[in-house]
Amino acid sequence: MTNQTDRPLRFGVNMFSTGTGADWRAKCRRAEELGYDVILVADHLGMPAPFPFLVAAAEVTERPRLGTYVLNAGFWNPALLAREVATTDQLTGGRLELGLGAGYVQAEHESAGLPFGSPRERVDHLVRTVTEVGRLLADPDHVPAAAQPRIPVVIGGSGDRVMRAAARHATTMSFTGGGIGPGGVPQLLAPAALEERVALYRRFEAERPAELAPAELNFLVQIVTVDGDPFAKKGDLMGDVSHFTEEDLLTHPSLLSGSVAEIAARLQAHQARYGFGYFTILEPYMEEFAPVLEHLRA
């Protein structure tokens, strides 16, 4: 099995602010100029529809991959999604990465008039969607046809069954660093607990089909602070972190803080400890993180 640390680090930027078409295209050009490897769009009501925005991004960029981070599977019928995916892959020149998750915002389902279901039902639908979309796109008679022979699939989540599904089907497993705390409230996992979740995922990979290469591991970074107070924005982290030690926070991949060189070294340490080879940066930190990208690639 290929060691995750053998792979060069790559970085995505997750876009979610609205604006004009000109604003969006300018941001995508800027992301490419800064050196990001993937331009990503979320899938929430109140945010841009992901596939049209990815097509627009492709029109003004050449190098970055383009992905959904991640689609709410509950919003999508697999056959209709396969049509969207194939069309978008064609229009983006084969640069699409399909990110999928089980969905977690009940109010959005209610607003859309869609059933929310239990956690088990949502994961079941995610697995059906991944399986059926893959089957449809692999069919040589499917119209439209995708540009890529196999579109990379990213599965995001933290539950056991989601990780098991990713181990069986995904090109990339995406971790948020979170788990479910008392009362079903999301909370940030301490570094040791996050390491345990990654270890569990690796055990699930024993079930991975032999024809699939080992999955890439992605991590969603919540805060970037270059040359600033590393704890100034800790309240923006997932859940209550008041019980975390300063060492927990400084060594957590959700919070990247320090000088440019220190952050670069921390990313390499996270790759060595957890196997994360692909990090997603949130749009508000796109510019602040850019010197770290430059440093890593110098």
More than 12 heavy atoms from other groups under 6.0 Å of [atom1] on [X]:
| X | atom1 | answer |
| --- | --- | --- |
| Glu287 | CD | yes |
| Arg10 | CZ | yes |
| Arg120 | CZ | no |
| Glu246 | CD | no |
| Glu62 | CD | no |

Is it true that [X] and [Y] make a salt bridge, defined as a side-chain N closer than 4.0 Å to a carboxylate O?
| X | Y | value |
| --- | --- | --- |
| Glu205 | Arg168 | no |
| Glu132 | Arg135 | yes |
| Arg95 | Asp89 | no |
| Arg197 | Asp160 | yes |

If I take atom [atom1] from residue [X] and atom [atom2] from residue [Y], how far apart are they, to the nearest 0.5 angstrom?
| X | Y | atom1 | atom2 | result |
| --- | --- | --- | --- | --- |
| Leu212 | Thr171 | CG | OG1 | 7.5 Å |
| Thr61 | Arg29 | OG1 | CZ | 10.0 Å |
| His109 | Leu114 | NE2 | CG | 6.5 Å |
| Leu98 | Thr88 | CG | OG1 | 9.5 Å |
| Thr87 | Leu96 | OG1 | CG | 10.5 Å |
| Ile263 | Thr225 | CD1 | OG1 | 7.5 Å |

Would you say [Y] ends up clustered with [X] if hydrophobic residues are merged whenever their side chains have heavy atoms under 4.5 Å apart, either directly or through other cluster members?
| X | Y | value |
| --- | --- | --- |
| Leu91 | Phe51 | no |
| Val154 | Phe204 | no |
| Val38 | Leu296 | yes |
| Phe53 | Phe75 | yes |
| Leu9 | Phe276 | yes |

Would you say the side-chain atoms of [X] pair up with the backbone N or O of [Y], donor to acceptor, closer than 3.5 Å?
| X | Y | result |
| --- | --- | --- |
| Ser259 | Asp227 | no |
| Glu288 | Val226 | yes |
| Arg128 | Val123 | no |
| Arg65 | Gly94 | yes |
| Arg208 | Ala167 | yes |
| His252 | Glu247 | no |

Close side-chain approach of [X] to [Y], heavy-atom, < 4.5 Å:
| X | Y | result |
| --- | --- | --- |
| Arg266 | Val292 | no |
| Glu97 | Ile39 | no |
| Pro230 | Leu250 | yes |
| Val221 | Thr280 | no |
| Glu195 | Val198 | no |
| Met286 | Arg30 | yes |
| Leu194 | Phe219 | yes |
| Glu121 | Pro115 | no |

For [X] against [Y], the heavy-atom pair lying closest together:
| X | Y | result |
| --- | --- | --- |
| Leu137 | Ala86 | CD2-CB, 3.8 Å |
| Gln90 | Ala145 | NE2-O, 2.8 Å |
| Met163 | Ser158 | CE-O, 4.2 Å |
| Pro48 | Ser17 | CG-O, 4.3 Å |

Q) Residues two or more places apart in sequence or in another chain: which of them pass side chain to side chain contact (heavy atoms under 4.5 Å, CB included) with Ala73? A) His125, Leu126, Thr129
Q) What pairs with Ala57 under side chain to side chain contact (heavy atoms under 4.5 Å, CB included), at least two apart in sequence or on another chain? A) Trp24, Cys28, Leu66
Q: Examine Arg122 relative to Phe116 and say whether NZ or CZ is less than 6.0 Å from the centre of the six-membered ring and inside a 45° cone about the ring axis.
A: yes
Q) Are Leu188 and Gln222 close enough, and set up right, to give a side chain to side chain contact (heavy atoms under 4.5 Å, CB included), and what steps lead you there? A) CA-CA 11 Å; Leu188 196 66; Gln222 295 178 33; 3.6 Å; yes
(Q) Applying side chain to side chain donor-acceptor pair (under 3.5 Å) to Tyr69 and Asn218, what does each step give before you reach the verdict? (A) CA-CA 11 Å; Tyr69 194 81; Asn218 167 262; 2.7 Å; yes
Q.
Tell me whether the rings of Tyr274 and His270 are parallel (<30°), tilted (30 to 60°) or perpendicular (>60°).
A. tilted
(Q) Parallel, tilted or perpendicular, judged at 30° and 60°: which one describes the rings of Tyr201 and Phe175? (A) perpendicular
Q. With clusters built from Ile, Leu, Val, Met, Phe, Trp and Tyr whose side-chain heavy atoms come within less than 4.5 Å, directly or transitively, what are the remaining members of the cluster of Val105, listed by chain and number?
A. Tyr104
Q) Are side-chain N/O atoms of Lys234 and Ser242 paired as donor and acceptor at under 3.5 Å? A) no
Q.
Tell me if the centroids of the rings in Phe11 and Phe289 come within less than 6.0 Å of each other.
A. yes
Q: Kindly say whether the aromatic ring centers of His44 and Phe16 come within a distance under 6.0 Å.
A: no
Q: Carefully, step by step, assess Leu71 and Leu81 under the rule side chain to side chain contact (heavy atoms under 4.5 Å, CB included).
A: CA-CA 10 Å; Leu71 293 184; Leu81 178 57; 3.6 Å; yes
